[in-house]
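I have placed the structure first, in the form of structure tokens, so that the comments after it can refer back to it.
Order of the sequence lines sets the chain letters (A, B, ...), proteins ahead of strands, with each chain counted from 1.
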Amino acid sequence: MRVRFAPSPTGFLHVGGLRTALYNYLLAKQHGGAFILRIEDTDRKRFVEAAEQDILDMMAWAGLAFDEGPGKGGSYGPYRQSERTERYHEVASLLVDAGKAYIAFDDDDALDAMRERHRTTENPTPRYDHSTRLEMLNGLTLSASEVQERLDRNEPHVIRLKVDPGHTIGFTDAVRGQVVFESETIDDQVLMKSDGLPTYHLANIVDDHDMCITHVIRGEEWLPSTPKHVLLYEAMGWEVPTMAHLPLIMSPTGGKLSKRNAEKQGIPVSVSSYVEQGFEPEALVNFLALLGWNPGDEQEMFSMEELTASFSLDRVGQSGVQFDMKKLLWFNEQWVRTRADADLADQLATEASERFGCTDRDYLVRAIGLMKERMVFARDLFSAPYLFQSPDSYDEAAVAKRWKAASAEHLLRFREYLASSGDWTVEALEETLKAYVEKEEVGMGAIMFPLRMALSGTGGGPSLYALMALIGKQETLDRIDTSLTALP
RNA sequence: GCCGCGUUCGUCUAGGGGUUCAGGACGCCGCCCUUUCACGGCGGUAACACGGGUUCAAAUCCCGUACGCGGUACCA
């Protein structure tokens with residue numbers, strides 16, 4: 001099995017593209033096949049310089065290593081279409097010689113004029129096809145010598161696929177089953193553009209054939225052009241690879257997950273945005289895998305290895321799927337929790353040092369231990385600055401609601417208990433507090449809330465015993481003193 | 001308009017003729033645990049688009065309609 005991911009470097013890697021790459025990757029790994037990356041840079045108008053590097057970086061981030069591709073090599077290279085133009089010309093001439101394609105000289109104005117001529121309410125977008133091609137300037141209407149003269153004059157021209165009406169083109173899609181099209185509904189697709197570069201349709205079948213691709217797995221937006229590809233394979237006498245069209249990922253309001261549509265709802269379209277926001281690669285991969293595929297049982301969490309073992313095309317759905325950010329967030333939370341505290345500390349050390357001057361690695365690891373069940377992203381650690389420094393303000397709403405007349409009094413008295421406490425462990429601190437509650441005959445909340453406010457400046461957070469044990473005796477006493485001057 | 005694909009809880013989905021007055025997950029709500037916020041546990045909310053067939057029996061098969069999505073470029 002040989003599969004490929006063939007993105008166009010017209011922008012940063014799209015999250016939907018990543019899913020396509022993932023499904024290809026999983027299948028290749030599962031079958032011990034090859035996963036190929038091919039850059040489809042035949043559109044010079046939309047070419048974006050930094051895009052290829054972004055594609056490479058994002059695939060590496062997600063853990064999708066390819067076996068052949070730009071920078072990696074392989075025996076079927078080059079893997080950039082801009083470096084393979086000669087081969088496309090070769091195939092295009094073969095097709096013209098065989099009468100399967102023809103040369104056309106019509107410029108934009110001629111094309112517009114033709115469409116204008118035929119446009120009606122019933123036919124808003126007339127096609128360049130069997131019904132109109134005889135009105136145009138092409139190899140079918142000009143004599144061979146006229147064509148040659150124009151070519152000799154270097155007149156701009158394209159090469160079009162000659163689609164004859166009257167027959168049915170069908171193929172079996174691995175996701176959708178049998179799909180058929182009538183040939184008269186298909187236009188004479190341009191194969192070779194006047195700039196000398198091929199269109200996707202030509203380049204794609206030439207490369208898939210030359211690179212011995214066995215399974216073409218791509219988005220559903222390609223389904224309508226697949227009959228053209230089938231025609232091309234047949235014209236060349238090549239075998240048609242297995243086709244599989246994946247359901248489109250849609251925005252929560254419906255419609256393709258386009259930049260404008262999605263980002264308005266807080267759903268980034270570029271994979272790099274997910275990296276910037278601090279998503280775990282495993283979480284995005286897990287989420288994307290389940291967006292359009294399901295294992296058939298009730299497992300939700302999947303590592304790349306588990307996905308590789310379980311994935312199959314026949315469990316890929318056929319209908320469009322909506323991107324659900326809440327679920328992605330849930331996956332991220334789950335995956336953050338699977339990480340070792342020490343591992344998270346490695347990631348967060350620099351920021352901890354820069355923001356809080358915390359260079360004590362053991363301290364960082366323990367702080368992470370207190371926060372882990374409360375994080376969606378690793379960097380949520382820093383949403384609790386009191387783990388590293390005295391609060392510089394106190395949550396006003398919480399104070400207004402729960403800071404009572406006796407609060408300062410309790411705090412002051414409990415400070416004495418703490419000051420005389422010798423053993424500064426979680427267990428001992430718990431004992432100390434219980435002793436206070438018993439002696440003073442008050443509820444836990446009477447002291448717990450003021451204490452929490454003094455130490456963290458907030459009304460919620462990790463266990464207070466653990467927090468005091470973390471920050472230490474002196475810091476605990478200092479924070480209580482500070483709060484007593486700041487709070488009523 | 002035409003062509004193609006699709007349609008089970010709000011979302012991702014299981015189920016593909018009887019065992020399902022439809023199961024799981026996210027979300028939401030409630031309860032329990034708990035000093036708090038979370039975690040966790042338990043429970044709840046909520047769906048077979050519609051209309052015809054076929055059949056003893058249909059969410060499951062067929063046809064139609066509606067709706068959604070994609071395509072309709074010298075873009076991919």
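Across the strands present, B:U20 finds no partner; the criterion is a Watson-Crick or G-U wobble pair with both atom distances under 3.5 angstrom. Nucleotide B:A46: unpaired (no Watson-Crick or G-U wobble partner with both distances less than 3.5 Å). Across all strands shown, B:A66 is found opposite B:U7 as a Watson-Crick or G-U wobble partner, with both distances under 3.5 Å. B:A58: no Watson-Crick or G-U partner with both key distances under 3.5 Å is found in any strand. Nucleotide B:U72 forms a pair with B:G1, judged by Watson-Crick or G-U wobble geometry with both contacts under 3.5 Å.
Evaluation of the salt bridge (Lys or Arg N to Asp or Glu O under 4.0 Å) rule for A:Glu221 yields no partner, not counting sequence neighbours. A search for side-chain contact (heavy atoms from CB on, under 4.5 Å) contacts involving A:Arg127 returns A:Asp129, A:Asp187, not counting sequence neighbours. Judged as a side-chain contact (heavy atoms from CB on, under 4.5 Å), and not counting sequence neighbours, the contacts of A:Val321 are A:Arg19, A:Ile249, A:Leu291.
A salt bridge links A:Glu333 with A:Arg337; the closest basic N to acidic carboxylate O contact falls under 4.0 Å. With respect to A:Arg374 and A:Asp380, no salt bridge is recorded, no charged nitrogen being found less than 4.0 Å from a carboxylate O. Salt bridge annotation for A:Arg176-A:Glu220: present, with a cationic side-chain nitrogen under 4.0 angstrom from a carboxylate oxygen. Using a 4.0 Å cut-off between charged nitrogen and carboxylate oxygen, A:Arg87 and A:Glu90 count as a salt-bridge pair. Using a 4.0 Å cut-off between a side-chain N of Lys or Arg and a carboxylate O of Asp or Glu, A:Asp164 and A:Arg133 qualify as a salt bridge.
A residue-by-residue look at A:Glu300 and A:Gly445 shows that A:Glu300 has its nearest nucleotide of RNA chain B further toward the 5' end. When the nearest nucleotides of RNA chain B are assigned to A:Asp41 and A:Pro124 by heavy-atom distance, the more 5′-ward of the two goes with A:Pro124.
For RNA chain B, the contact window with chain A, defined by any atom under 4.0 Å from a protein heavy atom, covers B:G1 to B:A76 in 5' to 3' order.
Near-neighbour residues of RNA chain B inside residues 153-178 of chain A, defined by a heavy atom below 4.0 Å, number-ordered: A:Val158, A:Arg160, A:Arg176. Of the residues in residues 321-340 of chain A, those placing a heavy atom less than 4.0 Å from an atom of RNA chain B are A:Val321, A:Gln322, A:Asp324, A:Lys326, A:Lys327, A:Trp330, A:Arg337, in numerical order.
Nucleotide B:C37 is shown with an anti base, its glycosidic torsion being more than 90° from 0.
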